[in-house]
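Data block below; observations after.
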Amino acid sequence: MTAPAVLLTGATGYIASHTWLALLAAGFKVLGVDNFSNSSPEVLNRLRLLSGQTPLFEQADVCDGAAMQSLFQRHRIDAAVHFAAFKAVGESNRKPLDYYANNLGGLITLCQTMARHDCRALVFSSSATVYGKPEQLPIREDAALASTNPYGATKLMSENILRDVEQSDPRWTMALLRYFNPVGAHESGQIGEDPRGTPNNLMPYITQVAVGQRARLQVFGNDYDTPDGTGMRDYIHVLDLADGHVAALRYLLQGKRSITANLGTGRGHSVLDLVHAFEQASGRSVPYDIVPRRPGDVDACYADPSLAQRVLGWRAGRDIHSMCVDSWRWQSMNPHGYAAPPAR
Ligand code: UD1
C-alpha cells in the first residue's frame, strides 16, 4: 500500500514542524507549504537532520489560489493539516482585517482547492480560545463557545465554516482540534518555538529570561480565583500535540466521521507552578514581578480530554517537568532561535 500523502500548511511553524516529524515517523508522505511570514527556512535544515531525508517543501501562501491549484496539480494529496494562520491576540486587535483576510481567506482557498481535486480529509488547528471565558471546568467540547478578540473570532468562524462545508457534502471528513497551551520542544533541541520579537506567551518568555535575553518575567495578576492567585492553564507538550494530529489523520483516513476534540492534558498549572517547575528543570532562576492582569485573560482554562482518548485513542503522556526540560534544551542550544546555528 502506498503511504498516504499529507499536505501541511504553515509547515515550518512551531506545532507544524513537530507534527511533520511525527507524520514521517508514522509512515506518511508529507508535503510542507509555508510563506515564512512567521517562521524560518532554517526549520527545513533541522528537519533534514532529524529525519534523515530532504523535506518535500514549497514556498507558497495558502491565500494564493493559483499557487494552491498548482500545488494540487503537481502532487498527489490525500489529506491536509491546516496550520497556516496568524495567532497573536494583541496584534489581532490592532489589525483585525489582516486576521480575517489571512485566517479565513487561507481556509476557504484551501478547502476550495481541495474539493476541486477530490481531496476532502482535513485536520484543522483550532484553539481553546473558542471557549471564551469558560463557565465550567474542565472544559468539554459541548461547552458554550465565544470569542473575545479577532484572533479568537477567526478560529470560531473557521469552525463554523468547516461545519457548513461538511454538511454540504458528506464526502468531507474533518478533525477540528482545539489546542490548549502548547509548550516544550523536540527532545533533540533542534526544533522548538521561535517567536519573533517579544514573546506573547508564557513559556517562551520564561525561557528567554532564563537564557539572559530578558531581565524579568511579568506575572499578569495574582488575584485570580485560583489556589495561588495566578492564572491556570492546561500546558501540553508539543510532541503530544503532534501525536494527536497523527491519531486524528489515521482516524479520518479510515473513513470515520468528523470530530471536534480538545487536545489537552486535563491538568491545570498556575503561572507560578510553571515558573517553579522550570527553575527546577533548568537550574536557572526566573526572577519575576507581579503586575496587573492582562486584559482578556481568564482565571483558569483546562480541558476534559476524554473525547480524544475515547475516539482517537490518544492521550497526552508527558508531564510538566519534561515540558520544561525540553523547552530549556531548545532555548539553551538555540539562544537566538533559528537565527544562528545550534550550540553543541
Ligand atoms: C494565549 C491567547 C490564546 C491563544 C494562545 C495561543 C490571550 C489572552 N490568549 O493563551 O487566545 O490561543 O495564547 O498560544 O492572549 N502570562 C504571564 N506573563 C507573560 C505571559 C503570560 O503571566 O508574560 C500568563 C497569562 O496571564 C496566563 C498564562 O500566563 O495566565 C498563559 O498565557 P499565554 O501563554 O499567553 O497563553 P493564554 O493566554 O492561555
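In each ligand, atom 1 is the first atom listed, and ligand 1 is the first ligand listed.
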Closest non-hydrogen protein atom to [atom], residue and atom name please, with distance?
atom: atom 6 (C) of ligand 1; result: N201 ND2, 4.1 Å
atom: atom 18 (N) of ligand 1; result: Q218 O, 2.7 Å
atom: atom 28 (C) of ligand 1; result: Y235 OH, 3.6 Å
atom: atom 4 (C) of ligand 1; result: Y151 CE2, 3.7 Å
atom: atom 36 (O) of ligand 1; result: N181 ND2, 3.1 Å
atom: atom 11 (O) of ligand 1; result: T129 OG1, 3.2 Å
atom: atom 24 (C) of ligand 1; result: V271 CG2, 3.6 Å
atom: atom 20 (C) of ligand 1; result: F220 CE1, 3.5 Å

Any N/O pair [X]/ligand 1 closer than 3.5 Å:
X: Y205; answer: no
X: L217; answer: no
X: K87; answer: no

Check: Should we say atom CD of Q136 is surrounded by more than 12 heavy atoms from elsewhere, each under 6.0 Å from it?
Finding: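 Atom CD in Q136 is not packed in, count stays at 12 or less.
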
Set of residues satisfying side chain to side chain contact (heavy atoms under 4.5 Å, CB included) with respect to V123, sequence neighbours excluded: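 Checked V123 against side chain to side chain contact (heavy atoms under 4.5 Å, CB included); matches are V81, A175, L177, H245, A248, L249, L252.
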
Kindly identify the option in [options] whose heavy atom sits closest to [atom].
atom: atom 15 (O) of ligand 1; options: V291, V209, V89; result: V89
atom: atom 38 (O) of ligand 1; options: R294, H269, R233; result: R294
atom: atom 34 (O) of ligand 1; options: L202, D297, I206, N93; result: L202

With a 4.0 Å cut-off, would you call R293 and D223 a salt bridge?
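Answer for the salt bridge query: yes.
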
Atoms of ligand 1 close to [X] [distance to a heavy atom under 4.0 angstrom, numbered from 1]:
X: N200; result: 20 (C), 35 (O)
X: V219; result: 22 (O)
X: S127; result: 12 (O)

*Is there a donor-acceptor contact under 3.5 Å from the side chain of E141 to the main chain of N262?*
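Checking the backbone N and O of N262 against the side chain of E141, a donor-acceptor pair under 3.5 Å is found.
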
Can you tell me if S92 uses its side chain to pair, donor with acceptor, with the backbone of P96 under 3.5 Å?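 Not a single qualifying donor-acceptor pair exists.
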
Do [X] and [Y] have a side chain donor and acceptor closer than 3.5 Å?
X: R46; Y: Y338; result: no
X: Q218; Y: Y205; result: no
X: D326; Y: H237; result: yes

>> I need the contact type for Y179 against ligand 1. Using non-hydrogen atoms and a strict under-4.0 Å cut-off, is it side chain, backbone, both or neither?
In response: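 Neither; no heavy atom under 4.0 Å.
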
Before you tell me yes or no, could you show the steps for D169 and R120 under salt bridge (charged side-chain N to carboxylate O under 4.0 Å, His left out), namely the whole-Å CA-CA distance, both residues' side-chain angles and the distance that decides it to 0.1 Å? CA-CA 9 Å; D169 184 338; R120 292 184 183 81; 3.5 Å; yes

Test: ring-ring contact (aromatic ring centres under 6.0 Å, His included). Region: residues 290-328. Which pairs qualify, not counting sequence neighbours?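 Found F278-W328.
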
* **Nearest heavy atoms of R329 and E187, plus distance in Å** =>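 Closest approach of R329 to E187, heavy atoms only: NH1-O, 3.0 Å.
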
